[in-house]
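Values in this document were obtained by computation on a predicted structure and should not be read as measured data. Atom set for the values below is all heavy atoms of this structure, side chains included, hydrogens, waters and symmetry mates excluded. Residues take their numbers from the sequence shown, with the count starting at 1.
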Amino acid sequence: MDLVNSYAIVVYVAGPIARFADRLREDLVPGTGHHSHVSILPPRPLACTPAEAIEFARHLVNQFEPFEVRMGSIQVFESTQVIYLGILNGALELAAMHDVLNTGALAYEEPYRYTPHVTLGQQLQPERFAELLELARRRWQAFGEPPWLRVESLTFVQQRGDGKWVDLAELSLGRVPASRLSGG
């Protein structure tokens, strides 16, 4: 397995939203094979070992408590013609995690402003873009009320030479102290 110096930190999407997004993604761009996720840190090279970066991230991620996310609407990044599923609730928490993690061993000057989302289609044929965007919007409208997704862990991933991604480590968010659960 040929691995490249490209790493990211993601939240995998689960349940009905994952099934919806994975199916729609395959219909928009056949053969992508990526599991639906929200990137916390978009792909970047590392200037240290993966083990050092994972430990650095683990320490920072542990400072965040689990939270919930809810998907919003189908949107487009106009400059790149990427179709994505926006985040309605939880975007502030995701952006805060991004800002904290994009430091030290994981610091990287990203080409675009961070916007939490689930990518559904990219590198689409320009002549089919409007049709595919309409398909995505129709399907999302038919999906109905999106469920809440609980974020309790992140995954540190590395890109392979063939463009696929390999999970290297799970990073657990901190837990709510017992005294807060009991009202103390």
Search all heavy atoms of Gly174 against all heavy atoms of Pro66 and return the closest pair with its distance. O-CD, 2.8 Å

Between Leu94 and Tyr114, does a side-chain contact (heavy atoms from CB on, under 4.5 Å) hold up when you go through it step by step? CA-CA 10 Å; Leu94 293 165; Tyr114 179 73; 4.0 Å; yes

Of the non-hydrogen atoms in Pro43 and Ser6, which two are nearest, and what is the gap between them? CB-OG, 3.6 Å

I need the minimum non-hydrogen distance between Val118 and Ala21, along with the two atoms involved. CG1-CB, 4.2 Å

Output for pair (Arg58 CZ, Phe156 CZ), nearest 0.5 Å, gives 10.0 Å

Can you get from Val157 to Leu173 by hopping between Ile, Leu, Val, Met, Phe, Trp and Tyr side chains that sit under 4.5 Å apart? no

Please determine, by modelled atom types, if Ser36 and Asp22 share a side-chain donor-acceptor pair under 3.5 angstrom. yes

Working to the nearest 0.5 Å, report the span between CZ of Arg44 and CG of Leu41. 4.0 Å

Could you verify whether a donor N or O on one side chain and an acceptor N or O on the other, from Glu170 and Thr155, lie under 3.5 Å apart? no

Can you confirm whether Ser79 sits close enough to Tyr112 that some side-chain heavy atom of one is under 4.5 Å from a side-chain heavy atom of the other? yes

Any Leu154 side-chain heavy atom under 4.5 Å of Leu101 side chain: yes

hydrophobic_cluster_shared for Val82 and Val29, side chain cutoff 4.5 Å: no

For Ile17 and Arg19, what are the C-alpha separation, side-chain angles and deciding distance, and is it a side-chain contact (heavy atoms from CB on, under 4.5 Å)? CA-CA 5 Å; Ile17 296 285; Arg19 289 188 294 277; over 6 Å; no

Can you find a pair of side-chain heavy atoms, one from Val4 and one from Arg160, that are under 4.5 Å apart? no

Against Gln158, only a single residue in Asn5, Leu46, Leu168 fulfils side-chain contact (heavy atoms from CB on, under 4.5 Å); can you say which? Leu168

Sequence neighbours excluded and cut-off under 3.5 Å, please list the side-chain donor-acceptor pairs for residues 119-128, or say none.
residue	atom	partner	partner atom	Å
Thr119	OG1	His117	NE2	3.0
Arg128	NE	Glu131	OE1	3.4
Arg128	NH2	Glu131	OE2	3.0

Within a 6.0 Å radius of atom CD on Gln141, are there more than 12 heavy atoms belonging to other residues, nucleotides or ligands? no

Go through the side-chain N and O atoms of Tyr12 and Asp167 and say whether any donor and acceptor fall under 3.5 Å apart. yes

In terms of hydrophobic clusters joined by side-chain contacts under 4.5 Å, are Tyr108 and Ile9 together? no

Verdict with supporting geometry, Val69 and Asn89, side-chain contact (heavy atoms from CB on, under 4.5 Å): CA-CA 5 Å; Val69 171; Asn89 300 99; over 6 Å; no

Nearest-0.5 Å distance, CG of residue Leu92 to CD1 of residue Ile87: 11.5 Å

Is Lys164 paired with Asp162 through a side-chain N to carboxylate O contact shorter than 4.0 Å? no

Compare every heavy atom of Ile83 with every heavy atom of Ala136, then report the nearest pair and how far apart it is. CB-CG2, 4.1 Å

Between His98 and Glu110, does any side-chain donor sit less than 3.5 Å from a side-chain acceptor? yes

For the atom pair CZ (Arg25) and CZ (Phe20), what is the distance rounded to the nearest 0.5 Å? 12.5 Å

Can you confirm whether Phe64 sits close enough to Val151 that some side-chain heavy atom of one is under 4.5 Å from a side-chain heavy atom of the other? no

Of all heavy-atom pairs between Pro146 and Arg70, which one has the smallest distance, and what is that distance? O-NE, 2.9 Å

Answer whether the closest heavy-atom distance between the side chains of Leu135 and Leu28 falls below 4.5 Å. yes

From Leu106 atom CG to Ile40 atom CD1, the distance as rounded to the nearest 0.5 Å: 12.5 Å

In the structure I gave you, are the side-chain heavy atoms of Trp140 and Leu24 within less than 4.5 Å of one another anywhere? no

Look up atom CD in Glu145 and atom CE in Met71, then write down how far apart they are to the nearest 0.5 Å. 13.0 Å

Without swapping roles, check the side chain of Gln81 against the backbone of Glu78 for a donor-acceptor pair under 3.5 Å. yes

Student check: side-chain heavy atoms of Leu133 and Ile74 closer than 4.5 Å: yes

Contact check, side chains of Met97 and Phe67, non-hydrogen atoms, under 4.5 Å: yes

Under a 4.5 Å side-chain heavy-atom rule over Ile, Leu, Val, Met, Phe, Trp and Tyr, are Tyr84 and Phe143 clustered together? no

